[in-house]
**Student:** 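Below you'll find the structure I mean.
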2 protein chains.
Amino acid sequence: MKGIRQLAEHLAISIGTVSRALNGRPDVNEETRRRVLAAAEALGYVANQSGRSLRQGETKVIGLMIESSAEAVENADNFFLGVTSGLQHVFTRHKLDLLMLPCPSDEDPCEYLKRMVARRVVDAMIISNMQRVDRRVDLLSRARIPFIAVGRSLSAGNFPWIDLDFEGVAERAVERLVARGHRRIAITAPSSEVNLGYVFVESYRRALEQHGLPFDPSLVIRVKSSEQGGYQAAHELLLLEDRPTAVILIYELMAIGLYRRLMESGVLPGRDLAVIGFRDAPRARFLQPSLSCFRMSLYDLGVALGQMLLARMPAYREFYSEAGGNMIWPLELVAGESDAFQLTEA
Amino acid sequence: MKGIRQLAEHLAISIGTVSRALNGRPDVNEETRRRVLAAAEALGYVANQSGRSLRQGETKVIGLMIESSAEAVENADNFFLGVTSGLQHVFTRHKLDLLMLPCPSDEDPCEYLKRMVARRVVDAMIISNMQRVDRRVDLLSRARIPFIAVGRSLSAGNFPWIDLDFEGVAERAVERLVARGHRRIAITAPSSEVNLGYVFVESYRRALEQHGLPFDPSLVIRVKSSEQGGYQAAHELLLLEDRPTAVILIYELMAIGLYRRLMESGVLPGRDLAVIGFRDAPRARFLQPSLSCFRMSLYDLGVALGQMLLARMPAYREFYSEAGGNMIWPLELVAGESDAFQLTEA
DNA sequence: CTGAAAGCGCTTACAG
DNA sequence: CTGAAAGCGCTTACAG
């Protein structure tokens, strides 16, 4: 089946009526609609998206931009696939399709986005991996493309985002460790300019302050957000003169490499060093001793992102309360054995 | 900047000339072309994709279908992000964009694909997660959409695919284990209808045969392709009456769960049980003792997939030799300590 | 309730 | 080398 014209000819009615029937317009005879739908089904007709998009000025596609940098490829823990389900749950109701736009690692993310937006392949965008200063925010704002970001950024005053509750994580982790007698608490931070690193370190600094503990820059260990980074972090940690008694990790998979390096040196997590991980990851669940970490539902985050995005789109606004511009996504502590010991005064 | 019309007005020339200049047609005055390109750049004009697609009958988009089932979300080891880079490397040359089409977990993959194809959002498709009988092959063949599959299937006589060398993996794994004195060699297989499970088990059966070993169905342990599956596999393996002395794993991350369960029972991989993993995964590199497994380049696989796909597309055929319909992708053995011991006669 | 027609933004024969 | 015009497949006021 080629186009609507062929379908109309086959039914011996006009293309206008076919279109109206297919699109559920009320002003169509029910018998006619039935015939049209049956014929479309039988002949496998589905409207050409380019034709629709061109006419309607919208594509019915939402884009999720992801970056396939070498680091991401090696280490991403399928954060996005998880979020995707939740997003689709929301979008499906409105017959919107979600497409993932992978930015090639050798292309500037902002240029890539500009190209995709200008070509009008999507009606709205979800961006993530927010940088401290992120030109994409400006780009999308100026182009008036509805968008939502997974993560805060210093860029622009006011744009919609949902970010993980790094403050809460840092606060509860520090509190928990302090309660167990720790005074020298290290933290890992990403070596890149991704904004969450800054947010996390700052939250940690404030949490220490609340407990009257000094902030020691040498305890902020900057490494790649990967298992290798975790290994490296443990390595650096072991070399510190006045070795910390606890460490808080920023990235879910770091724990695996960290454990490995610690054990090579006979340092046992949960006995010689308290470890608190970040997001609960399936891969990390098998760690021994079990890792204290924070849990969240990627699916629910996806749903929230989807709803907040649609609330910004004129065509769907009515279905969703604006619900403010942005949101801090809570994480729940999952207590493990990796920080269960009480530190005895050395 | 809205459309080509505005750009043409601004330059006081016709839209035809603007289009030709932008598309690099030779029949344009160089001075004119320069002006057009400069204005487009300055005003941020990029051709609306719907307009182009409609006129040209092609979208310049290649789709990569991925399935975001719960299992995939939990466990996929970013196979696709890795392949993506290689694909883009090939597509970029032809100004083709790669989009990932995530099939919602509650939608039938074949229906989803049908919808995407009928809407004409892509010019060609890459499909994967091939089922034993996969209706998508038929669908795409009949719709005459160029496509390539990552994986074989029993469906249809002749369609283009690249699959991993399960035969070679099974052969070399068995050979290696036999050389170390093993006679009872277990294997894990996926519990689903995914075709690679069948291929792998059959290859294993043949490899045993070559060494005069009997095929014992109880040594084929069917579990989910995940870490949890690996844990489960170890559990079942330990319960076997005549316990095997070696096991070959089908999925990269299984090793993590398997190690965990073995160690809980005081069974040490590489001493009490020989283990050979499948694809080398970053996460598995930290296993202790180090895992013998097979390595491949996802990037190179992506390049090969991209080239083979373009060879099937009339518009790009000339740049690529057809190079046969399909291909077995080799994997290289990475020897570790998990199977390094010689089995002494019990 | 239905049909005829316009037009979304582009590219491309066709004239000149 | 450039312009005017047709037409890709749709949807949607507008008549009737």
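Throughout, a chain's letter reflects where its sequence line sits, starting with A, and its residues are numbered from 1. Hydrogens, waters and symmetry mates are skipped; everything else that's a heavy atom, side chains included, is used.
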**Student:** State which residues pass salt bridge (Lys or Arg N to Asp or Glu O under 4.0 Å) with B:Arg35; sequence neighbours excluded, sorted by chain then number.
**Tutor:** none

**Student:** Rounded at 0.5 Å granularity, tell me how far CD in B:Glu111 sits from NZ in B:Lys114.
**Tutor:** 4.5 Å

**Student:** Roughly how many Å is it from NZ in A:Lys60 to C1' in D:dC10, rounded to a whole number?
**Tutor:** 14 Å

**Student:** What contact category does B:Thr32 fall into here, base, sugar-phosphate, or nothing, at under 4.0 angstrom with non-hydrogen atoms?
**Tutor:** sugar-phosphate

**Student:** Would you please name every residue forming a side-chain contact (heavy atoms from CB on, under 4.5 Å) with B:Leu301, sequence neighbours left out?
**Tutor:** B:Phe79, B:Val83, B:Ile162, B:Leu164, B:Met296, B:Leu305, B:Trp329

**Student:** Strictly by modelled atom types, are A:Thr17 and A:Ser14 linked by a side-chain donor-acceptor pair under 3.5 Å?
**Tutor:** yes

**Student:** Could you state the CD1-P distance from B:Ile13 to D:dA4, rounded to the nearest angstrom?
**Tutor:** 12 Å

**Student:** Within the side chain of B:Arg52, is there an N or O that forms a donor-acceptor pair under 3.5 Å with the backbone of B:Lys60?
**Tutor:** no

**Student:** Take atom CG of A:Leu54 and atom P of C:dA6, then tell me their distance rounded to the nearest Å.
**Tutor:** 17 Å

**Student:** Kindly give the atom pairs (protein nitrogen or oxygen, nucleotide nitrogen or oxygen) under 3.5 Å for nucleotides 12-14 of chain C.
**Tutor:**
{"unit_1": "C:dT12", "atom_1": "OP1", "unit_2": "B:Gln56", "atom_2": "OE1", "d": "3.4"}
{"unit_1": "C:dT12", "atom_1": "OP2", "unit_2": "B:Arg25", "atom_2": "NH1", "d": "3.2"}
{"unit_1": "C:dT12", "atom_1": "OP2", "unit_2": "B:Arg25", "atom_2": "NH2", "d": "2.5"}
{"unit_1": "C:dT12", "atom_1": "O4'", "unit_2": "B:Arg55", "atom_2": "NH2", "d": "2.9"}
{"unit_1": "C:dA13", "atom_1": "N6", "unit_2": "B:Arg20", "atom_2": "NH1", "d": "3.1"}

**Student:** Rounded off to whole Å, could you give me the CZ-to-P distance for the B:Arg119 and D:dC10 pair?
**Tutor:** 12 Å

**Student:** Heavy atoms from C-beta onward define the side chain here; which of C:dC10, C:dG3, D:dC10 lies closest to that of A:Ala47?
**Tutor:** D:dC10

**Student:** A:Leu7 CG to D:dC10 P: how many Å, rounded?
**Tutor:** 9 Å

**Student:** Between atom CD in B:Glu58 and atom P in D:dG7, what is the gap in whole Å?
**Tutor:** 20 Å

**Student:** Between A:Arg136 and A:Asp134, does at least one N-O distance fall below 4.0 Å, as a salt bridge requires?
**Tutor:** yes

**Student:** When you check the phosphate oxygens OP1 and OP2 of D:dG9, does a side-chain N or O of A:Arg5 lie under 4.0 Å from one of them?
**Tutor:** no

**Student:** Measure the distance from CZ on B:Arg120 to P on C:dC10 and round it to the nearest whole Å.
**Tutor:** 22 Å

**Student:** I need the CG-C1' distance between B:Asn48 and C:dT11, as an integer number of Å.
**Tutor:** 13 Å

**Student:** With sequence neighbours excluded, tell me which residues meet side-chain hydrogen bond (donor to acceptor under 3.5 Å, both in side chains) with A:Ser297.
**Tutor:** A:Asp300

**Student:** Among pairs that include at least one residue of residues 79-104 of chain A, which meet salt bridge (charged side-chain N to carboxylate O under 4.0 Å, His left out), considering only residues two or more places apart or in two chains?
**Tutor:** A:Asp97-B:Arg115, A:Asp97-B:Arg119

**Student:** For the aromatic rings, using the six-membered ring if either is Trp, is the centroid distance between A:Tyr320 and A:His94 under 6.0 Å?
**Tutor:** yes

**Student:** Would you write out the dot-bracket form of DNA chain D, 5' to 3', with Watson-Crick and G-U pairs under 3.5 Å, [ ] for crossing pairs, | for pairs to other strands and . for unpaired bases?
**Tutor:** |||.||||||||.|||

